[in-house]
Amino acid sequence: MTKQMQGGAAPSNAGAKNPVLEVKDLCVSYGKVEALTDASLTVGEGQIVTVIGPNGAGKTTMLSAIMGVLGSRGQVAFDGSVEGVPEVERMVARGMTLVPEKRELFGEMSVEDNLVLGAFQRYRMGKRDHAQTLEEVYALFPRLKERRDQHAGTMSGGERQMLAVGRALMAKPKLLMLDEPSLGLAPLIVREIFRIIGELRRRGVSILLVEQNARAALQVADYAYVLETGQIAMQGPAHELADDPRVIEAYLGLGGKHQAMLST
Amino acid sequence: MRADRLVLGAFLALLLLVPAILSPYYVTLLNYIGLYAMVALGLVLLTGVGGLTSFGQAAFVGLGAYTTAALTTATDLPGWLAWAGTSPWLTLVVGLLLTAVVAMLIGSLTLKLSGHFLPLGTIAWGISLYFLFGTMESLGGHTGISGIPAIGLLGWTLDEGGEIYYLIWAFLLVAMLTTHNLLDSREGRAIRALKGGRIMAEAMGVDTSRSRMVIFVIAALLACASGWLYAHMQRFVNPTPFGVHIGIEYLFMAVVGGAGYVWGAIVGAGVITVLKQWLQNWLPSLLGATGNFETIVFGLLMVLVLHRAREGLWPILKKLVPVRAVRKTIDADAEPLPRRTLPKAGELILEAKDVTRKFGGLVANNNMSLEVRAGEILALIGPNGAGKSTMFNQISGVDTPTSGEVLFLGKPVAGHDSREIARMGMSRTFQHVKLLPTMSVLENVAIGAHLRSDKGVLSSAWRLDRAEEARILKEAARQIERVGLAEHMYEEAGSLALGQQRILEIARALCADPCLLLLDEPAAGLRFKEKEALGELLKKLRAEGMATLIVEHDMDFVMSLVDRVVVMEFGQKIAEGLPDEVQQNPAVLEAYLGGVE
Amino acid sequence: MDMAIALILSQDGITNGAIYALLALALVLVFAVTRVIFIQQGEFVAYGALTLAMMQSGVLPATVWMLVVMGALVTVLDGGLALKAGQGRRAASVAGWNLGYPLALAAAVGGLAVNELPLAVQVLLTLAIVVPMGPMMYRLMYQPIASAPVLVLLIVSVALHIAMVGLGLLFFGAEGQRTPAFSEFSLELGPLMVSAQTLWVLMVSVLLIVALYQFFERTLYGKALRATAINRVGAQLMGISPTLAGKLTFFLAAFIGALSGVLIAPITTIYYDTGFLIGLKGFVAAIIGGLASYPLAAMGAIAVGLLESFASFWASAYKEVIVFTLIIPVLLWRSLCSHHVEEEE
């Protein structure tokens, strides 16, 4: 049964054992405009949790606030301890990484330098194992190894996304947050990205996935939240939400007349 | 009488009485404050309002002072220049002209570049001029020029501090009044858009490089006039007061007083001047050494102000005085602004032919073609990252295609800047809303009418623009009512909800009287009723013959509104046709919903 | 002018140019990483030179007290934050570096007969006093407003420049200082006598540029700074905090500034306010590089040095005017190349 926020007992991601991330009543404002209102969510260990919703709903804002890139009010508990206001470098040090929507690569640096910088925080804390991590990332993305000396700015969209994910993995995260990983990518590459997301879960990485590719996201995820105009409008196990006509309506803004087509 | 008028009246009365009640020491101090405030006023315009700055204002003061000093004391002027030395009033004109030329020269070198090149350029200029004053023997070298005559006014010789006092403060008050007038006008709105709104202003047809030049030249002229007054007050000039470090002090005055406010200039000049007097007496005895140690205090004070009260002292002082913002009135009888004749329905307005845009290895648009006709709404849809925004940039002339071309009314868009495109009749909104958050909704929308009016800086400064201004405001109000924001007309634009800010952008675009409207996700963040109203508005515009291109995500909104749809994915067109056809297209459904089978 | 004079002028020009090149590199670096226009670079040059001069005359350099005061402020701010967050160990480490170190240094410099120490030790002590002021200055003055517009950061720099010049007058007095040359020999190259100090300047400059290159190309911290300059958000997401990058950059800039001061102190007489003009010439070079290109800035610096040297021969009174007018054609060229309108940060 899909749970609605309106009234009743607060629904929750009950399947989450040992929550890695627990967000409570997170609010973000841009000047006088509130972009995110009292958003709460939980990611359990080894879970893939997805947040879907229309453009401008506040998905990216939410990830940025959790990561500490944006200031926020509310509570973020990560890996067992509560952060007052998250601070990026501290979150990275504690095992959270974000692959942002715009990738934010270092365009005039080589692929390998981009990757190695992903391990910067670990290196700083004295864990100098980046050479080995690099080989693991190369094993996951052989394409990156072929292009290791090329500048990141010269790569195609799919390669850039692989590099962004690979760079995030260099930090050996406990929680990987992906913002629209399929954005602008061809189906073959999207499939590849989602295959890797599944593979990472098998390795014990918890994943918080923000996606506009709703069907793919709901297929791969365990639990899902629907964000609308800055608020969590719906949540539930992903396979239940995938069958809920209201999700399709809320997400795509399609009227009832299209639902017949979509259910095929 | 309103409280603010009362305060102003009391202030002016007090100013008038000063020479009668205060000792000459304080009159002299006030003379300096007036002179400095005039320079700081220029920096208010340049730095606080325009987001630029100059460390070379002292050099412009020097230019004004040295011009009059050299001309009025010279005994052997060449014949063609002899007229200039006969009266200080003539040398003022010469100084202002010279300053304007120099400022335009420096401006044309630096103002097209990023904002930090102007201050760096002015440091170099300030140093160069300072050394020139010091080394040129015809200007007296480091000893300077003495024997400068006093200014004569209507048979009255202003040779005492208490006399020139009135001239200095009259100059300052006139400068403040004209600056205030200028900021509240068509040109003023363009100037206020320079800080944080350049891209938007350019898209509305404002030549922001010109506006930057205008405020830089005005700031320089104010400095020059201050220098002229200084020379005739002191009756002597040498290079010391015109060095770069004094230029920096002027900037401190503006920032400490409140760089965004006309009155901040007086406050800042007053505080810094008095503080300097006091510190110069007190610090050397405290530190047991002689020197300009006040700079230590000034420097640290400045950092403190920028950390703790970046707006300066004036906003804090203002709270103590009961001053209310005056609401603009809309003159219902004002004549409407002239309108463009819209093309006939069905006429080809916009045509994109095989547009390809590559960024490094990334192909963002691949062979995209589309056309929009008058009286038609075309939707460009596609999943996030499909390349819609890139396509929008090619069409609006923000970016240039790698190959292919975009024709607007038969003329290529490439090679024209945003302003020319706006003038041709294309008007746009922005995906990430671009407005001036502290300006009212009315003034934000009025920027849209920039190209439909032409009153310039001088008419604005002397209030000769009021008839046109009334027409602009009436048009802006009309568009605001049209889009349904009438109840928010006088609110700060930044306080509107995001959806309303998008609607404001449409009103602003309409205020330009376009024949093609480019809307970037106008329905995002709108509530159901607002979307309905927006749909009705767009239909009405279509009936009037407007061509509209709309990039949108909300399928429900798009499908019930538009005439034709172009669907993009991976930078390419995957479908085109009537809304019903497109909705049946399996490729479109796949693109929108995705899948991992 | 004959060949011999031309050679001497060129030698002077290249020597000064090498110093301007170092300063220009630091200015470009600081701007790229932090968006700060480092106007007070020149004061670090003067502080370096004059601190060394004071040590050599057997006086305790007052700059050491400035370091103590700055360190105490940092300790109050950062230590307070750490204590509030319950991080006692971090607070202790903050206090150790920012309070313990300056006090220990003050005790060492005050206790030793510094004027009798070997030159190398004096130079090291000078750097130990002046260089840490760089990161401390970043912490106190820039970190609280790190995201402010470039214009605001620029005004802060100018304010600090003014304050540092005033403090320089207080610390060192109005008298100029010239330190003895590092070594006394000179090299005869045909008609040209190359002094030891010239060789020192050139050698140290080249070594430093090579070392910086290695730092940016080979080490992770160097790459982290480059990454911050290329993409601030991306770098932050890797855990490279703007604060760390800022302090590191200011450390390098202060090091380059103070070392340049030590190097030129035997060549020119340095006054408390000499640094400004030296720093500005570095700026002219940096502007030639568009505040972005390191090689262009370095070449620009040599050009500035040569122009200055030849101008002082032909029209010495107008030397500064000529050097600062050089930026006009540069700006003109840049202005002609620039078409797009950009939003100021």
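Every chain is numbered from 1, with letters handed out A, B, ... down the list of sequences.
Judged by distance alone, the side chain of Q121(A) and the main-chain N or O of G239(C) form a donor-acceptor pair under 3.5 Å.
Contacts of A85(C) with chain A are absent, with no heavy-atom separation under 4.5 Å from either backbone or side chain. Contact annotation for R103(A): neither backbone nor side-chain heavy atoms come within less than 4.5 Å of a heavy atom of chain C.
Residues I230(C) and F106(A) come closest through the heavy atom pair CG2-CA, 4.0 Å. Taking every heavy atom of both residues into account, R226(C) and D113(A) meet most closely at NH1-OD2, 4.3 Å.
The CZ atom of R232(C) sits 11.5 Å away from the CD atom of E104(A) when rounded to the nearest 0.5 Å. Within the model, atoms OG1 of T243(C) and CD of E87(A) stand 8.0 Å from one another, a figure rounded to the nearest 0.5 Å.
Enclosure of atom CZ in R90(C) is not indicated, since only 12 or fewer non-hydrogen atoms of other residues, nucleotides or ligands lie within 6.0 angstrom. Heavy atoms of other residues, nucleotides or ligands lying less than 6.0 angstrom from CZ of F251(C) number 12 at most.
With chain C as partner, the option from T97(A), L117(A), V116(A) having the largest number of non-hydrogen pairs under 4.5 angstrom is L117(A). For the options E108(A), M67(A), M91(A), M109(A), heavy-atom pairs under 4.5 Å to chain C are most numerous at M109(A).
Annotation: side chain of V92(A) is not in contact with side chain of L237(C) (no heavy-atom distance under 4.5 Å).
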Residue pair L244(C), R124(A): steps toward the side chain to side chain contact (heavy atoms under 4.5 Å, CB included) verdict: CA-CA 11 Å; L244(C) 173 74; R124(A) 230 195 136 196; 3.6 Å; yes
